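What follows is a set of notes on a single structure, which appears directly below.
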Amino acid sequence: MPGNCALPAELTIYVAAELRLQWLPWLASESTDETLVVEADAVVEVDAAGLQLLASLAVALQARGRELCLLDASAALRRACENLGMADLLRPTVEAA
Amino acid sequence: MNKAALDLKFMADALPVFMSEAREQLASLESLLLELEDTPGDRELLDALFRCAHTIKGSAGIFGLDRIVGFTHHVENLLDQVREGEVQLTPGLSTLLLKSVDQIRNLLAAVNAASGMDMLDDAGEDERAGIVAALQAVSPASAPSSVPAAPVLGASPGPTSPIPVASGVKRWHIAVRFGIDTYRNGMDPLAIVGYLRGLGNVASIQFDRSTLPALDRIDAESCHIAVTLALDTEATLAEIESAFSFVRDDCTLTICPPALSDSDLAHRIEATPDNMRLGEILQAQSGVAPQVVQAALQRQQQQRDTAAPAHPTASAPDENRFIRVHADRLDAVINLLGELVIAGAGAALMARQTKQRGLIEANLQMARLIEEIRNGTLQLRMVPIGETFARFRRVVRDTASELGKEVALDIQGGETELDKSVVERIADPLMHLVRNALDHGLETPEQRQASGKPAQGRLSLSACHESGHIVIRIADDGRGIQRAKVLQRAWDRGLVERGVTPPETELLNLIFEPGFSTAEKVTNLSGRGVGMDVVRRNIQGLRGSIGLHSVEGQGSRIEIRLPLTLAIIDGFLIGVGPSKFIFPLDTVVEVIESQSATPPADARGCSVVELRGKVLPVVSLRHLYALESPAPERVSIVVLKDGERRFGVMVDQLLGQHQTVIKPLGRLFGSLRGMSGSSILGNGEVALIFDVPALGQLAGQRSVPAAPLHRQDSPEHRVTAPSVEGQRT
């Protein structure tokens, strides 16, 4: 259900709490897919809180034997991940066809 | 006091410091941007630029100034991208960033200094929103499609890794766990790491995921960020630590210095027992095997006392050599010093009256010390004028582009120091003169090329010390002052009788007359007709003078002479009858004994004497100020200089050098010409201080042949001689 899982333009502390609530259902998803594909091309603004939340999502998925896959991560997101040593979040990334 | 009250008190105490620092940061942001226009791509400047924005944002966060944090955040983001070479710093972008600086300044100005509350109305909100949108539009992050499809991935070499490792560059290992409240305090670890990147090259960085709660258990607004990184930099420990200064209190920071011995590493790991995990990562990163660490720990136990620390002891950085002092405190000291000088003079006088040699000598010694303290204290108030000059870079840039002119600004002597209060009060007049030069002086590129000059105009600002004064020159290579136009305007305005052509210097000085403006069309920059006379008045208010030299077609040069300080000067005390007067000592050239054959003074007390083959105009104070006392048999002439001009003043007594504390003249004496202030002498008498340039005008005017004009005045005017002058200007 890639249509439902997409990152917003703003991935910051100001929306972190709200995003967490939005993302929780992604964990509970009935889907048996091993990877959760999240569209990440819209991200314009990122801060550490946003990255932390994303990493936290990955941790939660990992605990459930699943994997987070960012689809077509935007430059802002890539840079932020690399800058904070979270490049592994990007690793299973998928370039848009 | 409870904690909340303590916090409030801290805020109230610290806020003014923040405000003044933020203003400094903004000023350097501005000057860095302008410098970068000359040397584009200078990595150091770019880094410094980013650090300025980062610091403003960081400290604003401490005070909870959300608007400033929010807005500066966008600026910081963009500057980071500029620094990384992702965005090119074009002139357009510079303009945008300069506008952002203005906005931050507005936001800062809206912060109520007393309460720390944001008192801003929403007036500038739209403009700021516009700027934010523009800033974001520039950033490539908002346009992911424009980015090459294969950016660098992975944690190893950073984007700037090809930088050759210079000899001073060392590798530091840093482990940091941010406090749980980091976000709530308005801090962003991402920005802090970004700041570190400004110090050097981050060779590797690893986020520690193991302590991060999963999404279903995490509090999204608590910070769980811990990273370890290797930093290649020439920076000192203190500089690296400064990156964490805003979060230092609640983060766990371990910095391993480069010249790392095993024992140091072990010691550091031992010192952070609650963070063993970080220590382990650190071990892995620096390639030290656990056994080595263990062994080192043991060895260290034995050698603890003898082992000298291997890490570089941060050589006291420059900033430690400065103390920030409130200007009011300095002023209070200087006021007290003034009183001390007066009291000292009083004591010396009484000592002389007792005729006790020992007492007199003790007083002389005191006087010497007081003079030294005076000089030292006044030195404290001296600030370089360069800061004021630097402001003009921006003005020149903006004004020139607004007028469609090309201008190169040349600044010299920015390190010249003068009294803070003078610097503050000279800024506006200077601004006006600079604008005037740009608006009226320099031509458009087309006009310049037509007259065979390079298209780019030149404007130079310079400052230097000259015999107890500071001289500021503003020179341009523009069209110069068109004398015919000035004359025509002066005739039209009735400043000069129609048909009369005053001599060269007087003609040029007409532009300083009230209500004079030669601009053909009134622009919004200058030409409102309230220009030069106000400038001259302001400068004279500082006991300074202004002069103008201009060659038609080749440019103009304005020269401003200012006293170094406004508070205390070395004076030369003289007496006429029972009255005492003071000349600033640096204006006194020499003193000559008056010949008995001195030609009789004219009705105004003016005469001339011959001094070494030259004619020296002499003015008699007794006549000029109608002092009613019998003239003594012998008089002295004090020769004074005002710039190039020399003139003599006839006095009765010479009382010698005197440390003069300048007190302003009351409003009552506002119309008194030739005086700039008063001073209290040791015996409580008041002496008036002469304004030498003004006195020179009084002396000079009466010797010019145009005298018939003044002769119309009735002789009674002699008594109120100053007011005669009043009609002239």
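All values derive from a computational prediction rather than experimental measurement. Here is the naming used below: chain letters follow the sequence lines, and residue numbers restart at 1 for every chain.
- Proximity to chain A (any heavy atom under 4.5 Å) is shown, for B:Arg184, by neither the backbone nor the side chain.
- Both the backbone and the side chain of B:Pro189 come within contact range of chain A, judged by heavy atoms closer than 4.5 Å.
- The backbone N or O of A:Asn83 sits less than 3.5 Å from a side-chain atom of B:Arg197, completing a donor-acceptor pair.
- Between B:Phe207 and A:Leu84, the shortest heavy-atom distance links the atoms CB-O, 3.4 Å.
- B:Leu212 approaches A:Ser56 most closely through the heavy-atom pair CD2-N, 3.3 Å.
- There is no contact between A:Ala63 and chain B, counting heavy-atom distances below 4.5 Å.
- Comparing B:Asp219, B:Asp80, B:Asn77 by heavy-atom pairs within less than 4.5 Å of chain A, the highest count is held by B:Asp80.
- Of the two parts of A:Glu18, neither the backbone nor the side chain holds a non-hydrogen atom closer than 4.5 Å to a non-hydrogen atom of chain B.
- Note that CG of B:Leu215 is 5.0 Å distant from CG of A:Leu24, once rounded to the nearest 0.5 Å.
- Shown here for A:Asp47 and B:Leu190, the closest heavy-atom pair between the two residues is CA-CD2, 3.9 Å.
- Counting heavy atoms from C-beta on, the side chains of A:Met86 and B:Arg209 never come closer than 4.5 Å.
- Smallest separation of non-hydrogen atoms from B:His224 and A:Gln52: N-OE1, 2.8 Å.
- Of the two parts of B:Thr182, neither the backbone nor the side chain holds a non-hydrogen atom closer than 4.5 Å to a non-hydrogen atom of chain A.
- Here B:Ile225 contributes atom CD1 and A:Leu51 contributes atom CG; the two are 6.5 Å apart, rounded to the nearest 0.5 Å.
- Minimum interatomic distance between A:Ile13 and B:Ala220 (heavy atoms only, all atoms of both residues): CD1-O, 4.1 Å.
- Residue contact with chain B, scored on non-hydrogen atoms closer than 4.5 Å, is absent for A:Leu19.
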Begin with the C-alpha distance, continue with both residues' side-chain angles, and end with the deciding distance and a verdict on side chain to side chain contact (heavy atoms under 4.5 Å, CB included) for B:Val202 and A:Glu82. CA-CA 11 Å; B:Val202 175; A:Glu82 283 154 18; over 6 Å; no

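- Within a 6.0 Å sphere centred on CD of B:Gln88, other residues, nucleotides and ligands contribute 12 heavy atoms or fewer.
- Proximity of a side-chain donor or acceptor of A:Arg20 to a complementary backbone N or O of B:Asp216 within less than 3.5 Å is detected.
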